[in-house]
Amino acid sequence: TGGALKPGAPRIALYVGGLGLAAGPTQAALRLPEAVSLAFAPYGANLAKDVAAAREQGHEALLQAPMEPLDYPANDPGPNTLIAADPAAKNLDRLHWHMSRFQGYVGVVAFLGGRFLSDEAALAPVLGDIARRGLFYVEDQGAARSQAARLAAGLKLPLLRADVTLDRGDRPEAIDAGLAELEKIARQKGLAVGAASALPNTLARLQRWTAGLEARGVALVPLSAAAQAAPVASAGR
């Protein structure tokens with residue numbers, strides 16, 4: 001952020017997910033302000049190159065870990081999805097496969113996970129592994145029954161939960177409403193966390209919205225800054 005903002009200005013931390021899969025959206029996301037954190041899916045063909053480009057432009061990188069949704073396998077997040085009913089060793093192997101796909105990420109984002117995140121026994125070893133590596137953990141508010149916040153405190157794991165998921169649909173007016181809500185929460189609470197996907201309408205709206213944030217007295221900060229500020233024991237709400 002520039003020097004124009006007073007200390008104590010409301011802050012917004014924002015991440016864009018689903019990057020590394022298609023060149024167009026990934027390139028568009030790289031053009032967002034450097035304080036926007038970029039979350040990469042573990043399946044892209046050019047991940048090392050894309051993540052290096054993101055970091056060269058000043059963005060921090062996050063790893064998206066695909067987890068079992070409620071409607072699996074009809075909705076399949078992809079190879080090596082973490083499955084609630086499987087043994088911990090198997091899920092840790094899958095997590096480590098995701099982690100081996102690229103270097104230099106600072107946090108892990110749950111991708112989907114409605115069922116996996118609600119299963120404390122399945123989730124605990126995975127969050128423990130993330131905590132031991134000194135990473136932080138992020139989920140969006142779609143994971144309504146997630147046990148992560150309950151587990152994070154005992155694991156000393158910094159946890160962030162998105163206050164607003166911007167693009168449940170790609171309609172411009174829905175995205176604008178989400179961005180307005182994010183600003184409102186930031187002014188009320190001092191910090192708001194937003195999640196977005198690399199959809200064309202979303203990226204175009206974000207480009208315009210972030211350009212005017214500082215003039216409106218709001219600071220854009222990387223997710224790691226929000227994670228450092230988050231009390232580890234909080235529920236992330």
Side-chain angles (χ1 to χ4, degrees), residues 1-2 4-6 8-41 50 54 57-62 64 69 75 77 107 109-114 138-144 146 159-227 229-230 235-237:
T1 55
L5 289 166
K6 297 183 179 68
R11 297 180 308 151
I12 290 174
L14 186 65
Y15 73 92
V16 175
L19 297 173
L21 296 171
T26 301
Q27 292 308 310
L30 290 183
R31 293 193 287 273
L32 290 168
E34 60 183 43
V36 176
S37 302
L38 303 183
F40 289 82
D50 288 340
Q57 308 244 11
H59 296 277
E60 63 185 18
L62 307 168
Q64 282 188 292
N75 181 8
V109 181
F111 177 63
L112 296 178
V138 189
E139 63 188 15
D140 73 27
Q141 92 271 41
S146 174
L159 173 143
L160 291 174
R161 185 167 229 220
D163 296 292
V164 176
T165 302
L166 290 168
D167 44 20
R168 294 247 178 256
D170 194 23
R171 294 198 331 282
E173 59 275 18
I175 297 162
D176 290 345
L179 292 168
E181 175 73 2
L182 206 50
E183 273 191 60
K184 192 175 121 195
I185 293 169
R187 292 181 198 284
Q188 286 169 347
K189 295 197 330 189
L191 172 69
V193 178
S197 307
L199 299 167
N201 268 340
T202 307
L203 292 169
R205 299 310 252 210
L206 280 180
Q207 191 77 53
R208 196 161 42 202
W209 175 79
T210 51
L213 261 185
E214 193 165 301
R216 297 195 299 278
V218 180
L220 197 58
V221 300
L223 242 58
S224 58
R237 284 183 189 281

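Across all non-hydrogen atoms, the minimal contact from Asp163 to Ala192 is OD2-CA, 3.4 Å. Nearest heavy-atom pair across Gly217 and Ala9 is O-CB, 3.7 Å. Between Pro25 and Leu203, the closest heavy-atom pair is O-CD1, 3.6 Å. Of all non-hydrogen atoms in Ala186 and Ile12, the two that sit nearest each other are CB-CG1, 3.7 Å. The shortest heavy-atom contact between Gly18 and Ala198 is O-CB, 4.5 Å. The two residues Arg187 and Val218 make their nearest non-hydrogen contact at NH2-CG2, 3.4 Å.
Here Leu112 contributes atom CG and Asp140 contributes atom CG; the two are 8.5 Å apart, rounded to the nearest 0.5 Å. Rounding to the nearest 0.5 Å places CD of Glu34 at 10.0 Å from CG of Leu220. Residue Arg208 holds its CZ atom at 10.0 Å from CD1 of Ile175, rounded to the nearest 0.5 Å. Annotation: the span from Gln64 atom CD to Leu38 atom CG amounts to 10.5 Å, rounded to 0.5 Å. In this structure, CG on Leu223 lies 13.5 Å from NE2 on His59, to the nearest 0.5 angstrom. Note that the CD atom of Glu173 and the CG atom of Asn201 stand 9.0 Å from one another [nearest 0.5 Å].
With sequence neighbours left out, the side-chain contact (heavy atoms from CB on, under 4.5 Å) criterion links Leu206 to Leu14, Val16, Leu32, Leu166, Leu179, Ala196, Thr202, Trp209. Not counting sequence neighbours, the partners of Arg216 by the side chain to side chain donor-acceptor pair (under 3.5 Å) test are Glu183. Remark: Ser37 engages Glu60 in a side chain to side chain donor-acceptor pair (under 3.5 Å) (not counting sequence neighbours).
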Taking it one step at a time, do Arg205 and Asp176 satisfy side-chain contact (heavy atoms from CB on, under 4.5 Å)?
-> CA-CA 7 Å; Arg205 299 310 252 210; Asp176 290 345; 2.7 Å; yes

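Of the listed residues (Leu62, Leu30, Thr26), just one forms a side chain to side chain contact (heavy atoms under 4.5 Å, CB included) with Leu19, and that residue is Thr26.
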